[in-house]
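Contents: one structure, followed by commentary.
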Amino acid sequence: MVLLSGWRMASFEHSGDERRDDELHRVRHSLAHVLAQAVLDMQPGATLGFGPPIKDGFYYDFILSEPLTEADFPEIERRMRKIIKKGQRFYREDLPAAAALARIDEMGEPYKREYGAELLEKHGLQELSFYRNGPFLDMCEGPHVHTTKDIPRDAFKLRSVAGAYWRGDSRNRMMTRIYAWAFADREALEAHVERWRLAQERDHKKLGRELGIFAIDNEVGRGLPLWLPNGTVIRDELEKLAKELEFKAGYQRVATPQLAREALYFKSGHLPYYAEDMYPAMQVVESRRLDDESEEDEESAPGLNDNAGQTGADEADSPRQGSRQGDGVEKMAVSIGSSVGLRDRATLSVKDAYRLRPMNCPHHHKVFAASPRSYRELPMRLAEYGHVYRWEDSGAVGGLLRVRGMCMNDAHIYCTETQIKDEFKAVMRLYQRAYAVLGLDNYVVRLSRWDPEDPKGRDKYVDNPGAWARSEAILAEVLREMGVNYVDGVGEAAFYGPKIDIQFTTVTGREESLSTVQLDFSQPESLGLRYVGADGELHTPYCIHRAPLSTHERMVAFLLEHYGGAFPTWLAPVQVQVITVSERFDSYAKTIVAGLRERMVRAELAPSSDTVPKKIRQGVTMKIPNLLVVGEREAAEGKVTLRRYGQKAQHTLSFAAFQAALLNTIESRSLEFLLPE
RNA sequence: GCUCACAUAGCUCAGUCGGUAGAGCACUUCCUUGGUAAGGAAGAGGUCAUCGGUUCGAAUCCGAUUGUGAGCACCA
């Protein structure tokens, strides 16, 4: 290896950042270069994007002439190991702006060129750094290992190939991204892969099928889950919990329809801001037969598609609307009324249009508006587990996490400005209580703010900078006063105001919002909500939107993964299963089951034709929390033998004692079974 | 929506070179009455996602569509 002038050995530089200087970080970053070298070796014309280290390894983005698939992984890995074995040294060179750009031009890397120019111009860098190892040259800020021999050859594994937009912007070209795991040694890699494999076992889609929680049928529709009996039990229990907590917190329940006329959604701001996320309109069409001789109304026939003309929606401006037509949206528009004989000579006009609701708030606002309100009624807290429907992108829909029809633990709190903080705190306490009951503690609180710099700003957020600043300050104050740690989420706000979101990570490593509390300074005004203040004047209330228990869909998905399907007794679809040692004890078992069911315990008798081990196995497979084994010993003395899920130790106790303990466990929603002293 | 992969029984999967479909579990019936993770036997169950093409012949090869998964973008 000839050391070019200007190049120095990589290991001499230090960035001063402790994490970045971390050895594993260097190894991962260097492996990304080794991967790129191997891929360029196989496809000499490939173009490079970014190739950074990530939390469990690294990736590299390419534009390839021939698609790579996972079938190519063994060959790529083989070449990578070969490169590592060569002991290529990493050399660094810093070039001043002009020379750096010339160097990138020589490299023929248009994406590196774009980024390099941006670093120099926007970020004001004076020079750019380059790294070379063997024949591979990359514009890169480092750091790297000293030589490829410093990279363990058996501690990385290519994971998956995926598409990713250049600079994370869907207007840009899609590149091919290769993800890989990488660790300090083989044991760490294998342990990680094993943890990852175990996590897949907890995937809610797998557990949901195995435990009979939900099913999705394509004839019903994508993202429209069917709740099976076991899943419906969990929903009912969650609703019961929410209703109790909300009743105690002074909420009132309401019930409102799942659709409304379009005009409501123009006023609320949903159609101007979120039309592309709503199901298409259901149009009420009026048809009138034409006489053969009078054809003057011919041009009004296209009115069937002329939704905008009727409603004022400027949907032509929505860039996504056009692309969705291929998705069958046009065909889904429903004609109500006289659709008979449309092929005959008839003229059509849209009389009215309805939309499935994407959110419950406009309906609740209308409940508020149903009668004149006084400040004495505030804060008014209106709650409903409301069904909403959203036209999620096809690529986003999956399992219970992203669905097109969902049921939300929703409520809207109407209050005065001075009440906002206390109400927000009360909501935060309510979700903290709910989470404590459910045993959830692995979440992150995010203050979701608007992004005034967002190029799509006007289309994405209500344009009222002063209100944004005030409301964001109130939320930050609430969090500070409550001593809640939170992360900043610029650009994560709702269109009508900032939010406090509770973020969870799924077993597959994806972060999703579970709960949300939002401050709305926009909708009450646009819907003309008013109350009479102490001063006798009309005022507009503030509105807090909140969903501590999320949607049933998302909450059950998280709970399935959180508990690994083994629900605490109060939530379990089957709380007790009775297993008889022989059919001779069926009548005793039936008495037990009937007694428990009389007290609303979800108890069942296992089928009697199976052997005891088989019945135990099935009960365990279904993750039933409490199995009761009864035979001669128990029947004679009115006892039961309790076998708790996941525990070898068993307890034989009188049925009366068991029942009392069980009812206590359920009543208190304990995560553990409360055995008698 | 985008990139890549995948689609065989309710579930998990096999199916060779293109020659007319297989296993285990689950299900049904019968036998077994068994004390802590699969007792035994028999039976039933498939338009190989859909549509089209190539071929004497397609689960198998090609194309389109739909769906699923991973990732990206999106996410009230």
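Remember, predicted model here, so these are calculated numbers, not experimental data. Just so we're on the same page: letters track the sequence lines, and every chain starts at 1.
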Please list, one pair per line, the donor and acceptor atoms closer than 3.5 Å that link side chains of residues 211-228 of chain A to other protein atoms, with sequence neighbours excluded.
{"residue": "A:D217", "atom": "OD1", "partner": "A:E219", "partner atom": "N", "Å": "2.7"}
{"residue": "A:R222", "atom": "NH2", "partner": "A:S394", "partner atom": "O", "Å": "3.0"}
{"residue": "A:W227", "atom": "NE1", "partner": "A:E553", "partner atom": "OE2", "Å": "3.3"}

For A:P52, all residues meeting side chain to side chain contact (heavy atoms under 4.5 Å, CB included), sequence neighbours excluded: A:F50, A:Y59

For A:H552, enumerate each residue passing the side-chain hydrogen bond (donor to acceptor under 3.5 Å, both in side chains) test, keeping only those at least two apart in sequence or located in another chain. A:E239

Could you go over nucleotides 11-14 of chain B and give all protein N or O partners under 3.5 Å, atom names and distances?
{"residue": "B:rU12", "atom": "OP1", "partner": "A:R209", "partner atom": "NH2", "Å": "3.0"}

Would you say a side-chain N or O of A:Y274 is under 4.0 Å from OP1 or OP2 of B:rC74? no

For A:T69, side chain to side chain contact (heavy atoms under 4.5 Å, CB included) partners two or more places apart: A:A71, A:D72

Base, sugar-phosphate, or nothing: which does A:E210 touch, judged by heavy atoms less than 4.0 Å apart? nothing

Only counting residues at least two apart or in another chain, list the ones meeting side chain to side chain contact (heavy atoms under 4.5 Å, CB included) with A:D586. A:T580, A:E583, A:S608

Mind checking what makes ring pair (Phe, Tyr, Trp, His ring centres under 6.0 Å) contact with A:Y542, not counting sequence neighbours? none

With sequence neighbours left out, what residues match A:Y165 under ring pair (Phe, Tyr, Trp, His ring centres under 6.0 Å)? none

How do A:Y165 and A:V630 order along RNA chain B: which one's closest nucleotide is nearer the 5' end? A:Y165

Please tell me if A:K205 has a side-chain N or O lying less than 4.0 Å from either OP1 or OP2 of B:rA70. yes

Can you tell me which stems RNA chain B forms when a stem means 3 or more consecutive Watson-Crick or G-U pairs under 3.5 Å? B:1-7 with B:66-72, B:10-13 with B:22-25, B:27-31 with B:39-43, B:49-53 with B:61-65

With sequence neighbours left out, the residues meeting salt bridge (Lys or Arg N to Asp or Glu O under 4.0 Å) with A:E632 are none

For B:rU68 and A:R222 - does any side-chain N or O of the residue sit under 4.0 Å from the phosphate oxygens OP1/OP2? yes

When you check every protein heavy atom under 4.0 Å of nucleotides 36-41 of chain B, what one-letter string (B, S, -) results, 5' to 3'? BBBB--

Look for any protein N or O under 3.5 Å of an N or O in nucleotides 3-8 of chain B and output each such pair with its distance, or none.
{"residue": "B:rU3", "atom": "O2", "partner": "A:G163", "partner atom": "N", "Å": "3.2"}

Among A:Y461, A:Y265, A:Y496, A:F495, which residue satisfies the ring-ring contact (aromatic ring centres under 6.0 Å, His included) criterion with A:Y273? A:F495

